[in-house]
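This report refers to the structure that appears directly beneath it.
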Amino acid sequence: MFKSIHSRLTLVHAATFGMLLLSFALILYFSMHTVVENTFDKILYNGARNLEFVFFRPPPKGRMLNWIKGHLKDILTEEDIEKAEKVIETAFRKREIGDIMNEVMERVFFIEPVYAQVRKLETDKKNSPGDMEIIARSASLENQTIPLHENTYNRLLEGKPVYEMVRWKPGGSLRLVSLLVYDKEKNPYVLQVATSSEEMRSMMRRLRVFILFIVPILLVLVALGGYFFMKRAFRPVVKIVDTVNNITSEDLSLRVEPYGSKDEIGKLTDTFNRMIDRLEKSFKSIKEFSGNASHELKTPLTVIRGEIEVALRKERNTEEYKNILSTIQHETTHLQSIINDLLFLSQIDSGSVSFSFGELSLEEPLLDAYEENCDLAEKKGIKIILKQIDPIPFSGNRTLLRRLFSNLIRNAVKYTEKDGVITITLNEKNGPQFAISDTGMGIPQQSLPYIFDSFYRVEHSRTDYPHETGGAGLGLTIVKRIVELHNGEISVESREGKGSDFTVLFPASR
Ligand code: ADP
């Protein structure tokens, strides 16, 4: 089910969001719980202080009314003030504390139900705190009593208001604030104001329901949104997969449609297309290579077969047999050299043979190669001039370097006519530099870019020098590979009919 990356990402995304949402909901819930509790506590406390003011410090009738008019003018209507006047009138007439309490409470609290109760505080502790005399209680209490526990009593004596949640007889619990207050004669009382915790509970219940309802809805919306967004974002990847599935070694012409954006997917598409370009090129060159290789191998074999057939057709004299065998020998030598070159190239390309590098003096392999080709040059009447050969320390493989120099010298000899001159230099410029120039047939400009390709031979070297050269177009390919193995560079300049200059620049030894 979660096989695709986009579904897995959606899952991770939804899970992360869900955790965040859940943490947020929990924090919200507990913060709200504290806020609601504090708000209720504040309401109860302020109400209690107002009650205390009215009970125990009743100002003269006129001042009391003025105070109400002055302080509560914004919240009281004309009607309220008239009522207040009557209350004060009644209070002063009857001095009935319970009545005053009920009237004041109607105005002071805006939560319901509210219970208030005043007990006389006995310091001698004849009675337990719960049994201390109740001198007033709000009508809302009916015959119930707000409990006063030992613990609360002790904390009150420290002079601080006590906030608590208490169970009470009618069932449920009360949020309760208890205060220590004094009348004019300094007699202590416990004033307790409470409200049913049901109101708080129902607020928290509503919040709980809201959270339980909204969290899953949000989660589902985020998961769905995430799923569709991810699916869209991964569509180009699906396209790439489809294209890859249709690509075979037979048909590498397919490309992924460019995505048109430079984001990661855009880069992936470009990289993929470039990779297929490279693959197509190398498949093409492998095909060409094997085509060329089979052609080059087939030609001498055909010649050999032809010679044998001619020999077998009828009885020949010794001279004729000698000629035939000599042709066969020549062709097999050619075959062998092609096979050796191919084997050598494949060893370099596959890295199956590791060529050991060591410290040497560059002129040593060069002089070996020179001696190897001297006879051939002499036979052809070509002069080889060693113009400047410096002993240059270098890190390389002696056998490979000898082959490199030898291939270049042999080519120069091969493609130069009698009385031609070959000049060789080895010196230090921006690193060791080997240069060989000849006065031979040169290479046409249009052929220059291809002479390092395998099996490439300039047309006239095939026709003008078929037997003498015996090459298959692999010599310079090998040269280039050896130069690359030594981190060097090879370049060629040539003018047809005038001669060629090959230069190899090796990296400076550190
Ligand atoms: P080959 O075995 O045919 O010599 P190479 O790879 O050594 O193959 O050379 C490739 C082709 O480059 C040759 O066929 C020849 O046409 C040309 N070439 C190489 N070196 C020279 C040179 N010094 N002068 C003229 N042509 C050259």
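In each ligand, atom 1 is the first atom listed, and ligand 1 is the first ligand listed.
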Show me which atoms of ligand 1 lie under 4.0 Å from any heavy atom of [X].
X    : answer
S500 : 22 (C), 24 (N), 25 (C)
R457 : 3 (O), 14 (O)
K414 : 1 (P), 2 (O), 4 (O)
V458 : 14 (O), 16 (O)
Y456 : 10 (C), 11 (C)
G473 : 1 (P), 2 (O), 3 (O), 6 (O), 8 (O)
A472 : 2 (O)

message = Between S395 and E359 (side chain of the first, backbone of the second, donor and acceptor by atom type, cut-off under 3.5 Å), is there such a pair?
response =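 No.
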query = Counting heavy atoms only, which of F455, F452, Y450, Y415 comes nearest to atom 1 (P) of ligand 1?
reply =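 The residue whose heavy atom sits nearest atom 1 (P) of ligand 1 is Y415.
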Parallel, tilted or perpendicular: rings of F234 and H6 (30°, 60°) =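 Ring orientation, 0 to 90° scale: tilted.
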ask   = When the ring planes of F405 and F434 are compared, do they come out parallel, tilted or perpendicular, using 30° and 60° as the limits?
value = tilted
ask   = Does a side-chain heavy-atom distance below 4.5 Å link F344 with I482?
value = yes
query = Taking side chain as C-beta onward, heavy atoms only, is F502 less than 4.5 Å from N407?
reply = no
message = Are any of the N/O atoms on D438, whether in the backbone or the side chain, positioned under 3.5 angstrom from an N/O atom of ligand 1?
response = yes
request  = Give yes or no for whether the N/O distance cutoff of 3.5 Å, strictly under, is met between F502 and ligand 1.
outcome  =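 No; every N/O pair is 3.5 Å or more apart.
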query = So, Y227 versus H13, ring centres under 6.0 angstrom or not?
reply = no
message = Under the salt bridge (Lys or Arg N to Asp or Glu O under 4.0 Å) definition, can you give me all pairs with a residue in residues 223-235, not counting sequence neighbours?
response = none
request  = May I ask you to identify, for L476, whether its side chain, its backbone, both or neither come under 4.0 Å of ligand 1 on a heavy-atom basis?
outcome  =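 Looking at L476 and ligand 1, atoms from backbone and side chain both fall under 4.0 Å.
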message = Heavy-atom pairs closer than 4.0 Å: do any link ligand 1 to the side chain of L474, the backbone, both, or neither?
response = backbone
